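Before I ask anything, let me first share the structure, which is written out below as structure tokens.
The figures that follow rest on heavy atoms only: side chains count, while hydrogens, waters and symmetry mates do not. These numbers come from a predicted model, not from an experiment.
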Amino acid sequence: HAKKHNTQKYAYFDDTLEQKMAWRLGMAQQLRADFKAQKLQLWFQPQIDLQTTKVVGCEGLLRWPTENGNMISPDIFIPIAEHSGLIIEIGDWVIEQACREIKQLENLGITKIKISVNVSIAQFRDPTFSKKLVHTIESFNVNPELIELEITESILMNNPNAVINVLNQLKAHGIQIALDDFGTGFSSLSYLNKLPLSRMKIDRSFVQDMDSGNGKTIVQTILSLGQKLTLKTIAEGVETETQAQYLTELGCDIIQGYLYSKPLPPEDFKLFIEQSLK
Ligand code: C2E
Ligand code: MG
Ligand code: MG
Ligand code: MG
């Protein structure tokens, strides 16, 4: 069946390679145009401390709205941004937005909320990455300890020593590093004590499996690994009270998920946080 891909949001499994490439090129052009036109948004999903039940931080998540008001999923457009190289500029902008948000919260008298941003391997390959990052944080006059980079295990795939060097430089500047989607990567555990981590995020898939079979045992094991490495532990994708209850029992520090809040546009996030801190 014939399809017009330049106007379509998704590629199909049975498409030819040519069709897929045309689709991807069209998407990349649209993404570039929309980014230049400042149509991308950074939303924020609250992270709640299980001890105090207060918001202690948030994760910045990119949103790409279409003309009809729907959002194209980052799982679709981030790989396109990575392939086209656009992720470098977008990633710089994400960090600026995070700094801007921290300043705006400060203006409301809210000073201790961390903001985590996701970073792609392509950004680490950019030799100016750490310099730009430190410069941005300084120029916004933001406390670097409030900025956290979320990396995944896959970032270590090609040149782990180079990445570890960059992370150590950033850590020396006070910037925090979290390991995202922990447990889903390819890697062995040997890299764990080579990374200057402060937090570990347990992947949503483990949290979702907690009420069945050995699911709880697996989460418990991941948590105790994190705890023994003296990392703060964050559970992602917490959707039910039962999951939150289990995670509390198992000593998880922080949770993030639809149970508390979906990712919110900046204005709604500020309202949410003001409510939470009352
Ligand atoms: P991630 O970093 O693992 O982000 C967590 C994802 O889980 C987000 O999906 C979030 O909306 C979703 N989520 C949070 N709580 C729940 C829940 O309770 N239930 C369910 N079902 N989902 C939940 P999102 O926003 O679609 O982002 C997907 C991925 O795209 C992110 O996964 C991250 O890898 C990537 N991404 C998003 N923003 C950026 C960015 O600024 N830069 C880069 N490089 N990647 C980004
Ligand atoms: Mg993340
Ligand atoms: Mg994750
Ligand atoms: Mg992910």
Is it the case that the side chain of His83 and the backbone of Pro79 share a donor-acceptor pair, with hydrogens and angles ignored and the cut-off at 3.5 Å?
yes

Option among Lys114, Gln47, Gln256, Gln45 that satisfies the side-chain hydrogen bond (donor to acceptor under 3.5 Å, both in side chains) test with Glu59:
Gln256

Any donor-acceptor N/O pair, Ser120 side chain to Gln123 backbone, under 3.5 Å
no

Separation of Asp211 CG from Thr240 OG1 (nearest 0.5 Å):
6.0 Å

Is a side-chain N or O of Thr53 found less than 3.5 angstrom from the main chain of Leu50, in a donor-acceptor match?
no

Hey, is the main chain of Ile177 close enough, under 3.5 Å, to the side chain of Ser198 for a donor-acceptor pair?
yes

So Arg32 and Glu89, do their side chains get closer than 4.5 Å, heavy atoms only?
yes

Side chain of Gln227, backbone of Gly251: donor and acceptor closer than 3.5 Å?
yes

Ignoring hydrogens and geometry, is there a side-chain-to-backbone donor-acceptor pair from Ser130 to Val166 under 3.5 Å?
no

Measure the NZ-CG distance between Lys39 and Asp34 for me, rounded to the nearest 0.5 Å.
4.5 Å

Has Lys262 got its NZ or CZ under 6.0 Å from the middle of the six-membered ring of Tyr258, at an angle within 45 degrees of the ring axis?
yes

Counting only N and O atoms by type, is there a donor-acceptor contact under 3.5 Å from the side chain of Asp203 to the main-chain atoms of Phe206?
no

Hey, does the side chain of Lys103 reach the backbone of Asn141 with a donor-acceptor pair shorter than 3.5 angstrom?
yes

With no hydrogens and no angle check, is any side-chain donor or acceptor of Ser276 less than 3.5 Å from a backbone partner on Phe272?
no

With a 4.5 Å heavy-atom cut-off, do Leu105 and Phe269 have their side chains touching?
yes

Checking side-chain contact (heavy atoms from CB on, under 4.5 Å) against Phe182, which of Thr233, Ile222, Leu231, Thr152 comes through?
Ile222

Point-to-point distance, once rounded to the nearest 0.5 Å, from CG of Leu225 to CE of Met200
4.5 Å

Would you give the length of the straight line joining atom CD1 of Ile202 to atom CD of Glu236, rounded to the nearest 0.5 angstrom?
9.0 Å

Give a yes or no answer on whether the side chain of Gln275 reaches the backbone of Leu271 with a donor-acceptor pair at less than 3.5 Å.
no

Do Thr66 and Met71 come close enough that some side-chain heavy atom pair is under 4.5 Å?
no

